[in-house]
Amino acid sequence: MKIFKSKHKLKEEISNIENISFVPTMGGLHKGHISLIKKSQNFKGKTLVSIFVNPKQFNEKKDFLNYPRNLKKDLRILKHLNVDLIYLPGLKDIFSFQVKNKIFLDKFSKKLCGKSRKGHFKGVLNIVNRFLELIKPKYIFLGIKDFQQSYLISRHIVKREINTKVINCKTIREKNGIACSTRNNNLNKYQLKIASNVIKYLKNKKKLIKKKLSNFKFVNIKKDLINLGVKKIDYVELYNLNTLKRPKSKREKFKIFIAFYLNKTRLIDNI
Ligand code: PAF
């Protein structure tokens with residue numbers, strides 16, 4: 001396992017590597033990240049994992065400061081997984097160069113998390129665009145728990161004709177149903193129980209909506225979620241993943257997208 005803190009040293013190292021499978025992370029590694037890494041290791045070539053808590057994608061400074069970090073543990077996990085290359089840039093290393101490609105922000109960035117987290121996706125694309133330019137990976141591995149993020153990165157890649165393929169990976173869940181997320185580290189036992197009940201509730205709701213789409217009433221769902229102990233809901237919405245519109249018929253394949261708060265911790269999921 002080779003660790004790089006400088007983009008110049010990293011570029012030197014990878015200049016002769018043809019196939020790089022890239023897994024970008026903000027650390028706080030969990031089973032979801034491990035599954036992305038393992039998947040990337042099934043591809044020919046080398047796996048490169050980055051760890052960088054990107055301040056530009058946090059719309060609140062407090063949220064950035066409270067984001068769970070544990071580099072020592074992360075490096076232990078990566079070593080155990082036998083990851084080839086690790087990139088741990090500092091702020092200056094990653095933001096100090098001029099990029100070739102301008103960020104392309106698809107209009108879907110205005111929906112869901114885009115409404116409540118101003119500047120978030122611009123910040124995500126800023127950093128991912130930089131990583132893509134430096135690393136030129138053949139593949140980038142992204143989890144569909146962050147469906148909107150993955151979609152917007154794909155749109156940027158296509159629009160800017162970048163030679164990288166997005167590999168979307170399924171959401172990994174804990175036994176209690178909640179999606180693995182670094183932010184779960186900020187939840188206490190009681191909040192974890194509420195989060196688990198929210199997921200159970202939404203799974204059940206989805207079954208009912210599939211039977212009769214017209215039964216879906218945002219107001220009722222929001223009320224039920226508050227009764228379950230949720231503090232605040234940014235959104236609960238249905239989207240057809242192909243059309244990115246609200247489904248009109250129960251035959252359409254759709255998901256329920258949610259962003260909610262348990263105390264100060266904001267969680268997202270799609271079911
Ligand atoms: O999903 C994440 O952890 C981040 O948004 C990413 C893709 C690493 C960019 O900072």
Side-chain angles (χ1 to χ4, degrees), residues 4 7 10 20-37 39-40 47-61 63-71 73-74 77-78 83 85-91 93-95 99 101 103-106 108-109 112-114 116-135 137 139-157 160 162 164-172 179-186 257 259 265-270:
F4 297 87
K7 59 176 174 290
L10 175 75
I20 294 181
S21 292
F22 175 46
V23 185
T25 82
M26 298 207 296
L29 302 183
H30 50 67
K31 283 188 281 182
H33 294 117
I34 293 174
S35 130
L36 296 180
I37 293 169
K39 185 148 187 186
S40 82
T47 288
L48 192 162
V49 175
S50 65
I51 299 180
F52 179 66
V53 186
N54 170 27
K56 292 197 192 289
Q57 70 187 73
F58 288 83
N59 48 323
E60 280 176 27
K61 187 145 190 226
D63 188 30
F64 170 67
L65 295 175
N66 284 335
Y67 195 80
R69 295 159 169 87
N70 194 340
L71 187 60
K73 185 175 166 208
D74 290 344
I77 293 173
L78 295 172
V83 171
L85 305 158
I86 318 291
Y87 180 35
L88 305 175
L91 258 179
D93 198 61
I94 195 70
F95 286 117
V99 282
N101 288 316
I103 290 163
F104 173 76
L105 203 54
D106 185 271
F108 188 51
S109 63
L112 301 172
C113 288
S116 39
R117 298 192 75 191
K118 290 271 168 285
H120 167 65
F121 289 119
K122 197 170 164 216
V124 169
L125 284 170
N126 184 346
I127 194 78
V128 171
N129 188 37
R130 287 170 180 278
F131 282 136
L132 293 176
E133 213 157 302
L134 279 179
I135 299 165
Y139 303 105
I140 180 169
F141 294 77
L142 298 166
I144 57 152
K145 179 182 80 76
D146 301 307
F147 173 84
Q148 196 177 10
Q149 162 173 286
S150 185
Y151 177 83
L152 294 172
I153 292 173
S154 300
R155 291 290 299 134
H156 167 74
I157 286 178
R160 297 293 176 244
I162 297 168
T164 299
K165 188 171 167 17
V166 174
I167 309 291
N168 284 308
C169 304
K170 69 168 191 198
T171 302
I172 305 298
C180 294
S181 162
T182 304
R183 290 178 188 275
N184 293 349
N185 287 313
N186 285 343
F257 286 79
T265 308
R266 185 179 185 273
L267 299 176
I268 63 169
D269 207 336
N270 55 77

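Sequential numbering from 1 along the given sequence is applied to the chain's residues. When a ligand or atom number is given, it counts from 1 through the structure's own listing order.
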- Item | For Phe104, ring pair (Phe, Tyr, Trp, His ring centres under 6.0 Å) partners two or more places apart | none
- Message: Can you pull out every salt bridge (Lys or Arg N to Asp or Glu O under 4.0 Å) where at least one residue sits in residues 117-134? Sequence neighbours excluded, please.
- Response: Asp63-Arg117
- Please identify each residue that fulfils side chain to side chain donor-acceptor pair (under 3.5 Å) with Lys31, with sequence neighbours left out. Glu174
- Nearest 0.5 Å please: distance from the CG atom of Asp93 over to the CZ atom of Phe52. 9.5 Å
- Task: For the residue pair Asn184 and His30, confirm or rule out a side-chain donor-acceptor distance under 3.5 Å.
- Result: no
Between ligand 1 and the protein, which N/O pairs are shorter than 3.5 Å?
from     : atom 1 : to     : atom 2 : distance (Å)
ligand 1 : 1 (O)  : Gln149 : NE2    : 2.8
ligand 1 : 5 (O)  : Gln57  : NE2    : 2.9
ligand 1 : 5 (O)  : Gln149 : OE1    : 2.7
ligand 1 : 10 (O) : Gln57  : OE1    : 2.7

- side-chain contact (heavy atoms from CB on, under 4.5 Å) test vs Leu71 passes for just one of Leu29, Leu88, Val53, namely Leu88
